[in-house]
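Just below is one structure, and these are the notes that go with it.
Ligands are counted one by one from 1 in listed order, and the atoms in each one are counted from 1 as well. Side chains included, hydrogens not; waters and symmetry mates left out as well; all remaining heavy atoms used.
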Amino acid sequence: MTVLGSAVDVTSPEYAAHRAAMLDKLAELDGEHAKALAGGGEKYVARHRARGKLLARERIELLLDADTPFLELSPLAAWGSDYPVGASIVTGIGVVEGVECLITANDPTVRGGASNPWTLKKALRANEIAYANRLPVISLVESGGADLPSQKEIFIPGGALFRDLTRLSAAGVPTIAVVFGNSTAGGAYVPGMSDHTIMIKDRSKVFLGGPPLVKMATGEESDDESLGGAEMHARTSGLADHFALDEPDALRQARRVVARLNRRKAHARPAPAESPKYAADELLGILPRDLKTPFDPREVIARIVDGSDFDEFKPLYGASLVTGWASLHGYPVGILANAQGVLFSAESQKAAQFIQLANQRDVPLLFLHNTTGYMVGKEYEQGGIIKHGAMMINAVSNSRVPHISVLMGASYGAGHYGMCGRAYDPRFLFAWPGAKSAVMGPQQLAGVLSIVARASAAAKGQPYDDEADAGLRAMVEAQIESESLPMFLSGRLYDDGIIDPRDTRTVLGLCLSAIHTAPVEGARGGFGVFRM
Ligand code: COA
């Protein structure tokens, strides 16, 4: 009875058009992901290999259990900035000796693996994910430290990296550093602050200051090995716990360290779950090309939850927000999904009640975004849309169960907040390639600016130049449109990655599994004052 039906007609021209548009976006996305994979480009990759070294992703692959997935996070970090796509670091979640770990790996082919402002943001986000989900952290280090020309952006906030490592350790979350090359100055505190360190013969260089700096500071003559080589740290300083002969040996030893961590997940893995009744491939044809055209999010839910089985909560009330219970890869989830785009008072109240219920039952929440925001207008203001939206935002803010957000389509205005946008600390937030997020839609924003400018001219008694206005509107619209697109937002670390809609169930399953490493406990009270 609770298995969802589907009205998707895979033979319709609309379906074909939606699917073609989505495939175009995915092809574009592949092109951008390829830039991250290319790292510092052919020249630096060839030089790195000629030195007998593995690339960052190859190191990760050797570290992971064979044939297990790696959920890479923020691969497009730094997109649209002055720095290379990927931000010279790879981060993600993978399984090592059966233990889900948060893995970071500097990409030494990009400016010596030096950390620029986006590298820092990406690394801090990885630490946040590790902390919230209690995932052991494995740092595969090879970095020239701070990207010196941008030091003003990273030196002061960058201290948080080392603070995080020791806070993770204090919280009982293991930290492991494997040093493949340079780890100097501040970078030396990555092994310095980690619970376990592994260094590699003739490769690791861990010192506060290299030979030239020491010469400048004290006049002392020294060399890399005596200052910070693996052998010295393993035999003399004691900074290295494990001495590896080469890169594969270091990764093997890292796996042994994880094997002995005595890690247990807070929640046992559920039994294999029933697949959805409908093909994931059909997710390509559901999202309209024009986000103003509404679509039924139950069609998405039917293609991501176990057995397409969904117990809808209050289906007749506040129908523009679909809420209900399901399981995903065996994990219980409460789902909030926008239907008609706009959130009214009833939807907001329904959401607040649903979030409270999920907290009482310790059920994680999944937010499927396609909203243009809370309804505006006299009738709605008089009906209390502000206090009802505030109620929903209050519930989201103070909810203690894990949240995951997926931006399927639009995610505009305070609707982005109420649906657990980035600032509301979802454990994970992913976007589909057609998603858009901004304070409001580009046309609306340009229109508002134009009305304000016209009124301002009138107030000053000045004539208004309609031709210039049209030009300004077009320019603003184009700017806001480009700033609303997922690659731009992903570049700024406002999501954890853009995913293929067909991978949604897999990605959510990996996230839910990682989430259940930590205890899932809802808030029993502790919400702010609900303005009724
Ligand atoms: N900031 C900015 N750019 C850096 C950098 C840094 N910290 N470290 C390296 N780069 C750049 C180099 O200028 C070079 O650029 P180019 O190819 O356009 O000339 C590129 O990255 C590769 O560096 P290179 O020295 O050729 O690579 P390498 O693999 O032989 O050596 C390092 C890598 C990290 C050992 C070496 O670059 C180095 O010692 N860097 C400075 C380390 C340091 O003292 N950092 C301060 C820490 S706070």
Side-chain angles (χ1 to χ4, degrees), residues 35-36 38-59 77-78 81-90 104-124 139-165 177-194 199-218 220-233 239 246-247 250:
K35 290 183 190 163
E42 264 173 48
K43 176 179 144 198
Y44 290 95
V45 169
R47 186 178 75 168
H48 188 73
R49 287 203 190 284
R51 290 169 171 173
K53 292 183 162 202
L54 294 166
L55 298 175
R57 285 182 181 75
E58 292 169 345
R59 288 171 180 164
S81 77
D82 294 338
Y83 300 95
V85 173
S88 75
I89 191 168
V90 183
T104 71
N106 300 116
D107 184 345
T109 68
V110 184
R111 294 187 74 72
S115 291
N116 61 53
W118 301 107
T119 322
L120 176 62
K121 277 204 167 56
K122 187 164 165 177
L124 290 175
S139 311
L140 306 183
V141 185
E142 181 165 15
S143 163
D147 177 78
L148 295 173
S150 56
Q151 69 83 28
K152 71 174 190 303
E153 307 289 345
I154 48 176
F155 165 60
I156 290 174
L161 279 178
F162 317 125
R163 175 207 66 189
D164 284 356
L165 282 175
V178 189
V179 186
F180 290 85
N182 222 260
S183 179
T184 52
Y189 290 106
V190 175
M193 308 302 284
S194 294
M199 295 196 197
I200 305 172
K201 183 170 185 270
D202 299 333
R203 289 286 166 94
S204 310
K205 283 185 201 154
V206 186
F207 31 62
L208 290 183
L213 193 145
V214 172
K215 174 84 178 156
M216 287 296 293
T218 66
E220 185 190 24
E221 294 288 348
S222 55
D223 59 70
D224 283 352
E225 179 54 40
S226 63
L227 276 182
E231 189 134 6
M232 186 285 285
H233 281 307
L239 181 62
D246 55 23
E247 294 200 12

- [ ] Within a distance under 4.0 Å of any heavy atom of Arg51, pick out the atoms of ligand 1 and give their elements.
- [x] 28 (P), 29 (O), 30 (O)
Task: Any donor-acceptor N/O pair, Thr109 side chain to Tyr44 backbone, under 3.5 Å - done: no
Task: Protein non-hydrogen atom below 4.0 angstrom of atom 13 (O) of ligand 1 present - done: no
- [ ] Kindly compute the distance separating CG (Asn106) from CG (Asn182), expressed to the nearest 0.5 Å.
- [x] 10.0 Å
- [ ] Identify the protein heavy atom lying closest to atom 5 (C) of ligand 1, giving its residue, its atom name and the separation to 0.1 Å.
- [x] Ala114 CB, 3.9 Å
TODO: Would you confirm whether any non-hydrogen atom of the protein falls under 4.0 Å from atom 34 (C) of ligand 1?
DONE: yes
- [ ] Mind checking the CZ-CG spacing from Arg163 to Leu161? Nearest 0.5 Å is all I need.
- [x] 9.0 Å
Open item on the list: Would you say OH of Tyr83 has more than 12 non-hydrogen atoms from neighbouring residues, nucleotides or ligands within 6.0 angstrom?
Closed with: yes
Open item on the list: Measuring from atom 47 (C) of ligand 1, which candidate in Ser115, Gly112, Gly144 has the nearest non-hydrogen atom?
Closed with: Gly144
TODO: Kindly compute the distance separating OG (Ser226) from CD (Glu220), expressed to the nearest 0.5 Å.
DONE: 7.5 Å
Open item on the list: Asn182 versus ligand 1: do any nitrogen or oxygen atoms come within less than 3.5 Å of each other?
Closed with: no
- [ ] Just jot down the side-chain contact (heavy atoms from CB on, under 4.5 Å) partners of Gln151, sequence neighbours excluded, or say none.
- [x] Phe155
Open item on the list: When you measure from atom 43 (C) of ligand 1 to the protein, is at least one non-hydrogen atom found at a distance under 4.0 Å?
Closed with: yes
Task: Euclidean distance, Leu227 CG relative to Met232 CE, rounded to 0.5 Å - done: 7.0 Å
TODO: Write out the residue and atom name of the closest protein heavy atom to atom 1 (N) of ligand 1, then the distance separating them to 0.1 Å.
DONE: Leu148 N, 2.9 Å
Task: Distance in Å, Leu140 CG paired with Glu58 CD, rounded so as to fall on 0.5 Å steps - done: 12.5 Å
Show every donor-acceptor pair shorter than 3.5 Å between a side-chain atom in residues 201-208 and any protein atom, with sequence neighbours excluded, or say none if there are none.
| residue | atom | partner | partner atom | Å |
| --- | --- | --- | --- | --- |
| Arg203 | NH2 | Arg51 | O | 3.0 |
| Ser204 | OG | Val179 | O | 2.7 |
| Ser204 | OG | Ile200 | N | 2.6 |
| Ser204 | OG | Ile200 | O | 3.4 |
| Lys205 | NZ | Asp224 | OD2 | 3.4 |

Open item on the list: Only heavy atoms of Ala185, strictly under 4.0 Å: list the atoms of ligand 1 that pass.
Closed with: 47 (C), 48 (S)
Task: Within-cutoff protein neighbour (heavy atom, under 4.0 Å) for atom 37 (O) of ligand 1 - done: no
Open item on the list: Taking only non-hydrogen atoms of Pro149, do any sit less than 4.0 angstrom from ligand 1?
Closed with: yes
Task: atom 21 (O) of ligand 1: any protein heavy atom closer than 4.0 Å - done: yes
Task: Side-chain touch Ile89/Ser115, heavy atoms, less than 4.5 angstrom - done: no
Task: Heavy atom of the protein closest to atom 3 (N) of ligand 1 (residue, atom name, distance) - done: Arg111 NH2, 3.2 Å
- [ ] For ligand 1, note which part of His48 has a heavy atom under 4.0 Å away: side chain, backbone, both or neither.
- [x] neither
TODO: Check Asp147 against ligand 1 and report side chain, backbone, both or neither, counting heavy atoms closer than 4.0 Å.
DONE: both
- [ ] Consider every N or O of Ser143 and every N or O of ligand 1, then say whether any pair is closer than 3.5 Å.
- [x] no
Task: Validation row: Val190, Phe162 side chains within 4.5 angstrom (heavy atoms) - done: yes
TODO: Give the numbers and elements of all ligand 1 atoms closer than 4.0 Å to a heavy atom of Tyr44.
DONE: 16 (P), 17 (O), 18 (O)
Task: Structural part of Arg47 in contact with ligand 1, heavy atom criterion under 4.0 angstrom - done: side chain
- [ ] Determine whether Asp147 and Thr119 make a side-chain contact, defined as any pair of heavy atoms from C-beta on separated by less than 4.5 Å.
- [x] no
Task: Flag: protein heavy atom within less than 4.0 Å of atom 40 (N) of ligand 1 - done: no
Open item on the list: What's the separation between atom CG in Leu213 and atom OG1 in Thr218, rounded to the nearest 0.5 Å?
Closed with: 9.0 Å
Task: Flag: protein heavy atom within less than 4.0 Å of atom 18 (O) of ligand 1 - done: yes
- [ ] State whether the shortest distance between N or O atoms of Ala146 and N or O atoms of ligand 1 falls below 3.5 angstrom.
- [x] yes
